[in-house]
2 protein chains.
Amino acid sequence: MVRNSRWDFRFLATETMLRLTKKADYGLMALKYLAEQALATGKTGAASAQSAKDIAEAYHIPPQLLAKILQTLARQGLLVSHAGTHGGYALARPATEINAFEVIRAIDGPLFITSCITIHGTCDLAGHCTIKEPLRKVNDSIKDLLAGIVIADLAETPDHEPSVTLAGGLVSIAL
Amino acid sequence: MVRNSRWDFRFLATETMLRLTKKADYGLMALKYLAEQALATGKTGAASAQSAKDIAEAYHIPPQLLAKILQTLARQGLLVSHAGTHGGYALARPATEINAFEVIRAIDGPLFITSCITIHGTCDLAGHCTIKEPLRKVNDSIKDLLAGIVIADLAETPDHEPSVTLAGGLVSIAL
DNA sequence: GGAATTCCGGACCATTGCAGTCCTAAGTGT
DNA sequence: ACACTTAGGACTGCAATGGTCCGGAATTCC
Ligand code: SF4
Ligand code: SF4
């Protein structure tokens with residue numbers, strides 16, 4: 001099918017729906033940056049640390065905010081941190097072993113799609129809701145999709161841009 | 001350091017991340033209901049109309065709110081409405097030709113994932129952002145995933161429950 | 001024609017979560 | 001000692017969501 005011949009996005013400025021928070025967004029950017037740096041300098045793991053300030057400046061994002069994001073990321077074990085003069089953050093694992101799903105979950109908390117899925121108590125009409133289960137499947141599909149993307153996919157190899165194309169996930173959904 | 005190692009999701013009730021609004025949720029439920037009714041009564045299209053009140057009561061959702069959701073749905077052409085004593089709403093198209101993506105978009109507006117995608121002006125750092133493109137791909141994948149689900153998939157065939165399994169979409173993502 | 005029924009549309013409000021700031025520790029290297 | 005950097009909490013402004021209310025217009029039934 002896929003019809004929708006008309007589109008008319010004229011006054012559709014509302015923006016909502018399945019939004020990914022900016023924090024998660026920033027988080028991914030930071031991760032990507034770290035991945036690239038680690039690659040560029042050749043240094044592995046904790047050796048090539050970048051300070052929160054550096055990353056923030058590199059992308060022009062609020063330093064304070066980024067700082068806290070990195071903190072939580074570190075707390076969740078995705079990053080290793082090191083204080084002190086040449087401290088900073090570095091990937092806790094190789095860039096090919098950290099996927100987008102983890103990152104997002106670490107920052108925004110678990111959850112997905114509907115209110116009912118994560119905490120069972122939230123939606124009071126969970127009893128009469130008949131759409132819950134199918135939606136959970138969709139939820140899982142998106143999760144798998146996201147889980148199939150590792151941050152190495154996001155990082156560009158300095159000059160050779162084509163490369164990667166690691167065909168992240170292959171998600172099939174059957175209700 | 002690498003502290004953490006403890007997880008403590010005790011008070012992680014935040015719920016966020018890729019959330020689908022409750023309005024869209026309700027909308028899907030309503031659509032499903034209408035699909036089932038149309039199927040049960042055999043009547044096609046505008047013949048078997050259900051009032052907003054009826055649907056709201058069937059699922060115990062706020063009538064006034066559902067009313068407005070149905071209104072927008074009708075305005076977008078997914079439903080046909082009819083005022084008057086035995087009026088109400090009915091699917092504008094067969095249940096196999098309305099997909100979840102349309103519904104969600106009709107209710108919550110377009111948009112997806114990041115702020116930058118829909119309106120170009122939103123994210124001020126779109127210039128320096130290197131993650132934008134990959135994310136757009138993810139975005140599209142989710143869209144395709146959603147677009148592969150038609151509301152007929154959600155509706156149960158009255159007794160025979162297995163049936164359907166129309167294996168909605170097959171989405172592969174390659175960055 | 002009138003009354004009941006149902007949709008339409010906008011205005012309105014309360015809560016909540018997001019985005020972002022600030023400030024005070026506590027580690028760490030020179 | 002001192003500069004640098006992470007850690008964590010408290011706090012604020014704002015926008016979106018979820019939900020309500022009301023006056024009006026269409027339609028059908030009597
Ligand atoms: S129980 Fe149903 S209505 Fe409630 S959040 Fe889940 S899917 Fe939505
Ligand atoms: S431009 Fe980059 S930072 Fe801004 S919303 Fe898009 S992906 Fe996120």
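Every heavy atom of this structure was used, including side-chain atoms; hydrogens, water molecules and symmetry mates were not. Protein chains get the first letters and strands the later ones, always in sequence-line order, with residue 1 at the start of each.
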When the distance from CD1 of B/Ile55 to P of C/dT6 is rounded to whole Å, what number comes out? 12 Å
Among all residues two or more places apart in sequence or in another chain, which pass the side chain to side chain contact (heavy atoms under 4.5 Å, CB included) test with B/Ala52? B/Ala67, B/Leu70, B/Tyr89
For nucleotides 8-14 of chain C, list the nitrogen or oxygen atoms of the protein found under 3.5 Å from its nitrogen or oxygen atoms, one pair per line.
from   : atom 1 : to      : atom 2 : distance (Å)
C/dC8  : OP1    : B/Ser81 : OG     : 2.7
C/dC8  : OP2    : B/Tyr89 : OH     : 2.6
C/dG9  : OP2    : B/Arg75 : NE     : 3.4
C/dG9  : N7     : B/Gln71 : OE1    : 3.0
C/dA11 : N6     : B/Lys68 : NZ     : 3.2

Quick one: salt bridge (charged side-chain N to carboxylate O under 4.0 Å, His left out) partners of A/Arg93, sequence neighbours excluded? A/Glu102
What is the distance, rounded to the nearest whole Å, between atom CG of B/Asp108 and atom C1' of D/dA16? 11 Å
Excluding sequence neighbours, so at least two apart, what forms side-chain hydrogen bond (donor to acceptor under 3.5 Å, both in side chains) with B/Ser81? none
Against the side chain of A/Ala83, the closest entry in D/dT27, D/dG18, C/dT28 is C/dT28
In whole angstrom, what separates A/Leu34's CG from D/dT6's C1'? 14 Å
Tell me, please, which residues at least two apart from B/Ala92 pass side chain to side chain contact (heavy atoms under 4.5 Å, CB included). B/Val80
Between C1' on C/dG20 and NE2 on A/His60, what's the gap in Å once rounded to a whole number? 18 Å
Which whole-number value in Å describes the distance from B/Lys22 NZ to C/dG17 C1'? 14 Å
Is there a side-chain contact between A/Val138 and B/Leu20 in this structure, where contact means two heavy atoms from C-beta onward sitting under 4.5 Å apart? no
Quick check on DNA chain D: between A/Gly84 and A/Gln64, whose nearest nucleotide comes earlier from the 5' end? A/Gly84
Spacing of A/His86 atom NE2 relative to D/dT5 atom P, expressed in whole Å: 8 Å
Report the residues that fulfil side chain to side chain contact (heavy atoms under 4.5 Å, CB included) with B/Lys53, sequence neighbours left out, ordered by chain and then residue number. B/Ser51, B/Glu57
Integer-rounded Å distance: D/dT6 P and A/Leu73 CG: 13 Å
Looking at B/Asp153 and B/Val150, would you say the former's side chain and the latter's main chain have a donor-acceptor pair under 3.5 Å? yes
Report the distance from atom CG of B/Asp25 to atom P of D/dG19, rounded to the nearest whole Å. 11 Å
Please compare B/Ala52 and A/Pro63 by the position of their nearest nucleotide in DNA chain C and report the one closer to 5'. B/Ala52
